[in-house]
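See below for the structure under consideration.
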2 protein chains.
Amino acid sequence: MKVIEIPPCTHCTNNNDLFQCLNRTDLEDFSSSKRGNVFKKGQNIFYEGNHSHGLYCIYSGKVKLTKWGSENREQIIRFAGKGEVLGYKALLSDSPYNATATAIEDCQVCHISKSVFLSKLNENKKLAFSTIQLMAGNLRTIEDTLITVSQSQVKERVARALLLLKAKFGLEEDNVTLSVTLSRREIGELASTTIETAIRTLSQLKKDQVIAFDRKKIKIIDMERLFSIAKLDY
Amino acid sequence: MKVIEIPPCTHCTNNNDLFQCLNRTDLEDFSSSKRGNVFKKGQNIFYEGNHSHGLYCIYSGKVKLTKWGSENREQIIRFAGKGEVLGYKALLSDSPYNATATAIEDCQVCHISKSVFLSKLNENKKLAFSTIQLMAGNLRTIEDTLITVSQSQVKERVARALLLLKAKFGLEEDNVTLSVTLSRREIGELASTTIETAIRTLSQLKKDQVIAFDRKKIKIIDMERLFSIAKLDY
DNA sequence: GTCAGCGTATGATGCACATCATAGTTTGGC
DNA sequence: GCCAAACTATGATGTGCATCATACGCTGAC
């Protein structure tokens with residue numbers, strides 16, 4: 001990976017979900033205190049249970065957030081891509097991270113200190129409102145996930161996992177290939193199942209010509225069928 | 001039930017999770033626009049999919065929040081008791097309710113209009129911060145639930161359901177009887193299982209002398225065992 | 001008193017999925 | 001290029017739990 005210097009917040013061209021609302025001065029404050037970091041694929045950005053000292057803002061790359069269950073299985077809670085902010089929950093509820101963030105691609109990530117963010121949050125109403133809306137959205141999503149997980153079977157959950165990946169990270173130029181590459185284990189963690197069952201289910205979907213494999217990549221051949229398997233509206 | 005007049009917000013003695021931070025003037029604004037309502041056990045306060053026109057604040061009684069899955073099963077998302085505020089997510093993300101609120105006891109509930117709340121939220125930093133913290137806490141809880149549901153088996157989930165009820169609503173004076181009464185179906189909906197399995201699991205717990213039944217009420221006999229079945233720390 | 005309706009209870013059966021086992025295939029380190 | 005480790009794949013087996021069926025007790029209507 002070519003490591004480029006991360007530009008200052010004032011020149012960041014990412015569509016940031018939280019900081020878009022800020023003006024130049026606020027961004028400069030963030031920028032002057034921020035710290036850029038590079039994380040290679042597979043490296044952890046922070047760990048479940050650790051204490052938070054600030055926010056992480058993804059400049060480039062993709063991240064998964066996972067959590068350990070009472071058993072020995074890891075579960076993917078959500079993904080984050082460029083422009084997204086990680087670790088705000090821990091910071092806002094003043095508690096340890098309740099998930100582990102891991103790069104699933106090489107990443108460039110900025111770190112903004114707790115104090116700077118909290119003081120901005122306190123003085124800037126727009127930022128507070130953005131934060132609220134971000135969290136409200138997250139809450140809705142995860143409540144939906146909760147229902148899906150507990151009341152559907154594996155085939156449906158795997159189909160939903162693929163559609164989630166499409167919705168979140170999009171397709172490549174060919175308009176069929178998912179732009180994220182996950183291992184079968186990770187797809188299993190996303191769909192709340194074991195690696196074996198994930199593999200079997202994906203194989204079945206392939207045999208049914210709903211999806212296809214291209215090396216590590218997954219192609220969605222029959223989007224309509226995939227939606228219907230996921231029991232979602234096309 | 002004896003229906004008493006709901007006092008003005010300025011005289012409300014409930015520990016409100018969101019409005020505690022407000023001063024007298026703010027509370028008076030809320031109070032003058034609020035509308036009191038009584039809901040009998042079993043009545044719905046609002047419906048999943050409907051549009052929100054404001055907040056509900058529980059003055060007395062207990063409420064369950066449920067959501068329909070893709071199949072035909074209803075699932076309990078969370079409970080709320082006196083002093084808790086309902087419907088803020090729908091309001092803040094400007095979207096329909098994503099759960100149905102139903103009284104599980106006779107309730108007295110105040111309704112605060114959308115515009116009054118939003119304008120207060122905009123002008124009052126403390127309120128914004130309270131909202132943020134409330135949501136951060138909710139997010140943490142539900143993420144934990146997600147893991148539990150997907151990775152544990154029924155016995156563990158039922159045990160956790162009982163402990164949740166204890167933590168949320170407490171015990172009666174005898175210090176063993178849960179203060180909430182739920183039907184077996186509702187316990188099933190809480191533990192993400194069917195009514196039959198909920199009944200069987202509770203019977204088993206009774207046979208193992210972990211819990212006991214007293215008419216409709218459930219007594220927790222062996223708290224330590226219950227924690228260990230739930231795979232939680234005592 | 002009787003009967004309908006609901007909640008609780010329990011057995012029988014089947015199936016989806018975890019688990020265990022094993023093997024081929026790819027990847028990265030040196 | 002080679003070997004170890006990780007990933008993918010597939011079969012065999014077991015089991016947790018949903019589903020179906022049935023029945024009993026309680027409550028309220030008339």
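So you know, we letter chains A, B, ... as the sequences are listed, proteins then strands, and number each from 1. Reckoned from all heavy atoms, side chains included, excluding hydrogens, waters and symmetry mates.
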key: B/S/- contact track for nucleotides 6-11 of chain D, protein heavy atom under 4.0 Å   = -SBBBB
key: Steps toward side chain to side chain donor-acceptor pair (under 3.5 Å) verdict (A:Ser150, B:Gln75)   = CA-CA 9 Å; A:Ser150 63; B:Gln75 162 107 24; 3.1 Å; yes
Below 3.5 Å between N/O atoms, which protein atoms pair up with nucleotides 23-25 of chain D? Just atom names and distances, please.
none

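- Between the B:Gln151 side chain and the B:Thr148 main chain, no donor and acceptor come within less than 3.5 Å of each other.
- Of the possible donor and acceptor atoms, none in the side chain of B:Thr100 sits under 3.5 Å from a partner among the backbone N and O of B:Tyr47.
- We find that NZ of B:Lys155 is positioned 11 Å from P of D:dG16, with the value rounded to whole Å.
- Rounding to whole angstrom units, CD of residue B:Gln151 and C1' of D:dG16 are separated by 16 Å.
- Remark: side-chain polar atoms of B:Arg35 are not paired, donor with acceptor, to backbone N or O of B:His111 under 3.5 angstrom.
- Qualifying side chain to side chain contact (heavy atoms under 4.5 Å, CB included) partners for A:Ala191, counting only residues two or more places apart in sequence or in other chains: A:Arg157, A:Val158, A:Ala161, A:Thr193.
- Take B:Phe227 and apply the ring-ring contact (aromatic ring centres under 6.0 Å, His included) test, not counting sequence neighbours, and it matches B:Tyr234.
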Let me check something: any side-chain donor-acceptor pairs from residues 210-220 of chain A under 3.5 Å, sequence neighbours excluded? List them with distances.
{"unit_1": "A:Lys217", "atom_1": "NZ", "unit_2": "A:Glu172", "atom_2": "OE2", "d": "2.8"}
{"unit_1": "A:Lys219", "atom_1": "NZ", "unit_2": "A:Asp174", "atom_2": "OD2", "d": "3.3"}
{"unit_1": "A:Lys219", "atom_1": "NZ", "unit_2": "A:Thr177", "atom_2": "OG1", "d": "3.0"}

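- When rounded to the nearest whole Å, the span between CZ of A:Arg215 and P of C:dT25 equals 15 Å.
- Taking the ring-ring contact (aromatic ring centres under 6.0 Å, His included) definition, one finds that A:Phe46 meets it with A:Tyr56, A:Tyr97, sequence neighbours left out.
- Here C:dA18 presents its C1' atom at 15 Å from CD of A:Gln153, a figure rounded to the nearest Å.
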